[in-house]
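Questions regarding the structure given below will be posed in turn.
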Amino acid sequence: MAKEQLEVLNALDVAKTQWYHFTAIVIAGMGFFTDAYDLFCISLVTKLLGRIYYHHDGDAKPGTLPPNISAAVNGVAFCGTLAGQLFFGWLGDKMGRKRVYGMTLMLMVLASVASGLSFGKSPESVMATLCFFRFWLGFGIGGDYPLSATIMSEYANKKTRGAFIAAVFAMQGFGILTGGVVAIIVSLAFKSKFPAPAYEVSPLGSTVPAADYVWRIILMFGAVPAAMTYYWRMKMPETARYTALVAKNAKQAAADMSKVLEVEIQAEQEKVEKYSQDQSNSFGLFSKEFLRRHGLHLLGTTSTWFLLDIAFYSQNLFQKDIFSAIGWIPSATTMNALEEVFRIARAQTLIALCSTVPGYWFTVALIDKIGRFAIQLMGFFFMTVFMFALAIPYKHWTHPDNRIGFVIMYSLTFFFANFGPNATTFVVPAEIFPARLRSTCHGISAASGKAGAIIGAFGFLYLSQSRDPTKTDKGYPPGIGVRNALIILGGICFLGMLCTFLVPESNGKSLEEMSQENEEEGGAAPGYDTRTVPV
């Protein structure tokens, strides 16, 4: 039997879309804009770092980062993100969403600036310093995942909650796009100011000393959008669901939401006290009751995010090599260092503009119409189809006449990742768990995703290498080739499709209905309807 809903929570559930909803989307979304910029911009400058710090006189090819250094530079932020998701997710349930929100943002600002100021007397010390600061950058980014999703879900109404949470996540697309645009602008500006010959003409002269400023500027720019939103994050009131259901302060929750919604709301402290005395809503994360109510749900959110991120992040990290294979980026010896940055950034920007950004906003438009389950299942299905369609006739796609077709197929894979599980795996964990565990469970789900990203980031740097030892990147052992790597990723996407059936549909339901917090003691019996597919 359902309890009577608190008036302040009901007011949020039935509220019409108002200006404060859009304000919350922008404030939370700018954090995600920064997250994506910081995580993905490193792939734009790794080739440049190799040319600057690992050039050897007499080499036929430009310098590249050694495999272990490349894996560390690309993957260390993911390690920090994983740790941050777990720590700040837990802290958000203990201290409150708002208090922790400011901490993560300041850490991101400071670590972004420090990354660009990485110093050292030797290449190894510069890379070690860069990795140190990027770990802490990732740690701050990690906190933004559970907190942004939880805050947006607790502010939103039932009708459009999915679109609002997805809109916050969709800012990631603009972050990736901006990373490419900033790299294009900076590389073009330096290229016009400091012209240089191609590597094959002058190996040493092809990398001008000023190129060392390029990667630093690109990395440091990530601090700008984060710093701009700090003041507004601190002005946001704590969410009513945390204040009422976790902090047990109905008066403060009613006062905060009365200002936000511009309506009079009764405090109803007695209902909050009655709720706090209900033993059925006091179970912890490691209890049998949590396992019975939400165990399969947590398994579903963690497994789908884990599998999705293996595929998603491995693609992003070796996409520049795919662009080389199809001719978008010429041989490194025919370019100078700044030209190479420009070409890689242009390719990433085109992919973001044509497939990544549109995919996110298709999700925003349709998630509350067709539901989370349908979008996630469809996304994994088409990712599987396009991965195999790229992999099986791979030699066909690399033929010069078929390059455009390859890019279209590759773009469609990204489109259905974002109009699919990349967005829904972020949305659902913020909706289906109890308020006192919501941020923690979202953090666990997100950390599982980043574990997948680490596997993708580290593993596919090696796996995607050519089988022919003469065609591998310098310092790398032979791998299984791009074709076989794509086949593995197709299988991973198929597993993700199967794991989607563990995740419940939350479309159109209140947060308390999904988490079973509005059930009387003993009322959340096994008969409670948590079917995945709406019937």
Side-chain angles (χ1 to χ4, degrees), residues 8-37 92 97-98 101-102 104-105 108 144-178 224-243 253 255-263 265 356-370 372 375 418-419 422-424 426-428 430-431 438-439 442 506-511:
V8 65
L9 304 187
N10 187 60
L12 284 166
D13 280 342
V14 300
K16 292 181 179 179
T17 301
Q18 298 176 37
W19 181 247
Y20 84 89
H21 286 122
F22 295 107
T23 305
I25 289 170
V26 172
I27 293 170
M30 286 308 290
F32 253 84
F33 176 98
T34 306
D35 297 349
Y37 181 96
R97 295 37 163 145
K98 179 188 172 181
Y101 215 25
T104 63
L105 202 66
M108 285 158 60
D144 224 47
Y145 275 73
L147 293 168
S148 291
T150 301
I151 285 172
M152 199 64 244
S153 73
E154 293 182 345
Y155 262 107
N157 57 46
K158 284 195 295 187
K159 189 177 178 182
T160 55
R161 185 179 63 236
F164 290 159
I165 305 172
V168 169
F169 193 68
M171 295 299 285
Q172 192 178 72
F174 289 119
I176 296 169
L177 184 64
T178 303
V224 175
M228 286 169 60
T229 55
Y230 181 78
Y231 171 76
W232 298 107
R233 277 200 180 186
M234 292 299 93
K235 281 194 72 177
M236 286 179 78
E238 182 58 85
T239 70
R241 284 182 162 91
Y242 181 85
T243 306
D256 288 342
M257 292 307 106
S258 292
K259 289 179 184 176
V260 170
L261 297 171
E262 297 178 348
V263 295
I265 299 173
T356 307
V357 173
Y360 284 119
W361 291 100
F362 265 77
T363 302
V364 173
L366 296 173
I367 191 168
D368 289 312
K369 292 181 172 64
I370 64 177
R372 289 78 164 139
I375 288 177
N418 295 311
F419 179 36
N422 197 36
T424 53
F426 177 79
V427 173
V428 174
E431 301 181 304
R438 185 169 291 133
S439 180
H442 194 286
S506 51
N507 193 19
K509 298 177 182 178
S510 74
L511 297 179

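Just the heavy atoms: all of them, side chains too, but no hydrogens, waters or symmetry mates, feed the values below.
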So CG of Asp256 and NZ of Lys98: to nearest 0.5 Å the spacing works out to 8.0 Å
Closest non-hydrogen atoms of Thr34 and Pro225, given as atom of the first, atom of the second and distance, are OG1-CG, 3.5 Å
Closest non-hydrogen contact found for Ser153 with Ala430 is OG-O, 3.0 Å
**Q.** Gln172 and Asp35: CA distance, side-chain angles, deciding distance, side chain to side chain contact (heavy atoms under 4.5 Å, CB included) verdict
**A.** CA-CA 7 Å; Gln172 192 178 72; Asp35 297 349; 5.7 Å; no
In the structure I gave you, are the side-chain heavy atoms of Val260 and Pro237 within less than 4.5 Å of one another anywhere?
yes
So the salt bridge (charged side-chain N to carboxylate O under 4.0 Å, His left out) pairs with at least one residue in residues 146-160 (sequence neighbours excluded) are Arg97-Glu154, Glu154-Arg438
request  = Indicate yes or no for a side-chain donor-acceptor contact from Thr363 to the backbone of Asn418 under 3.5 Å, with no hydrogens or angles considered.
outcome  = yes
Check your understanding: If we only count heavy atoms from C-beta on, is the Ile375 to Phe362 side-chain gap below 4.5 Å?
Key -> no
One should read off an interatomic distance between Ile25 CD1 and Tyr20 OH, to the nearest 0.5 angstrom, of 10.5 Å
When rounded to the nearest 0.5 Å, the distance separating OG1 of Thr424 from CZ of Phe419 is 10.5 Å
### Message
Apply side chain to side chain contact (heavy atoms under 4.5 Å, CB included) to residues Tyr242 and Ile151 and explain how you reach the verdict.
### Response
CA-CA 9 Å; Tyr242 181 85; Ile151 285 172; over 6 Å; no
Between Tyr155 and Met236, the two heavy atoms sitting closest are CE1-CE, 3.6 Å
**Report entry** Aromatic centroids of Phe32 and Tyr360 separated by under 6.0 Å
**Finding:** no
For the pair Thr150 (side chain) and Leu147 (backbone), establish whether a donor and an acceptor sit closer than 3.5 Å, ignoring hydrogens and angles.
no
So CG of Leu511 and CG of Asp13: to nearest 0.5 Å the spacing works out to 6.5 Å
Nearest heavy-atom contact between Ser439 and Gly92 is OG-CA, 4.0 Å
Correct closest heavy-atom pair for Ala163 and Asp368 would be N-OD2, 2.9 Å
**Asked** Has the side chain of His442 got a donor or acceptor atom that lies under 3.5 Å from a matching backbone atom of Phe426?
**Response** yes
### Query
Are Asn422 and Phe169 close enough that some pair of their side-chain heavy atoms sits under 4.5 Å apart?
yes
Less than 4.5 Å apart, any side-chain heavy atom of Lys16 and any of Asn157?
no
The reported gap from CD1 in Ile176 to CZ in Phe33 (rounded to nearest 0.5 angstrom) is 10.5 Å
Do Thr243 and Met257 make a side-chain contact, defined as non-hydrogen atoms from C-beta onward lying under 4.5 Å apart?
no
Residue pair Asp144 / Tyr101, side-chain heavy-atom distance below 4.5 Å
yes
Kindly determine whether Trp232 and Thr23 satisfy side chain to side chain contact (heavy atoms under 4.5 Å, CB included), including the steps that lead there. CA-CA 9 Å; Trp232 298 107; Thr23 305; 5.9 Å; no
When Met234, Arg233, Met30 are each screened for side chain to side chain contact (heavy atoms under 4.5 Å, CB included) with Leu105, the one that passes is Arg233
Check: Tyr145 main-chain N/O paired with Ser148 side-chain donor or acceptor under 3.5 Å = no
Arg161 (side chain) donor-acceptor with Glu431 (main chain) under 3.5 angstrom: no
In short, Leu261 meets Ala11 closest at the heavy-atom pair CD1-CB, 3.9 Å
key: Heavy atoms of other groups near Met228 CE, more than 12 under 6.0 Å   = no
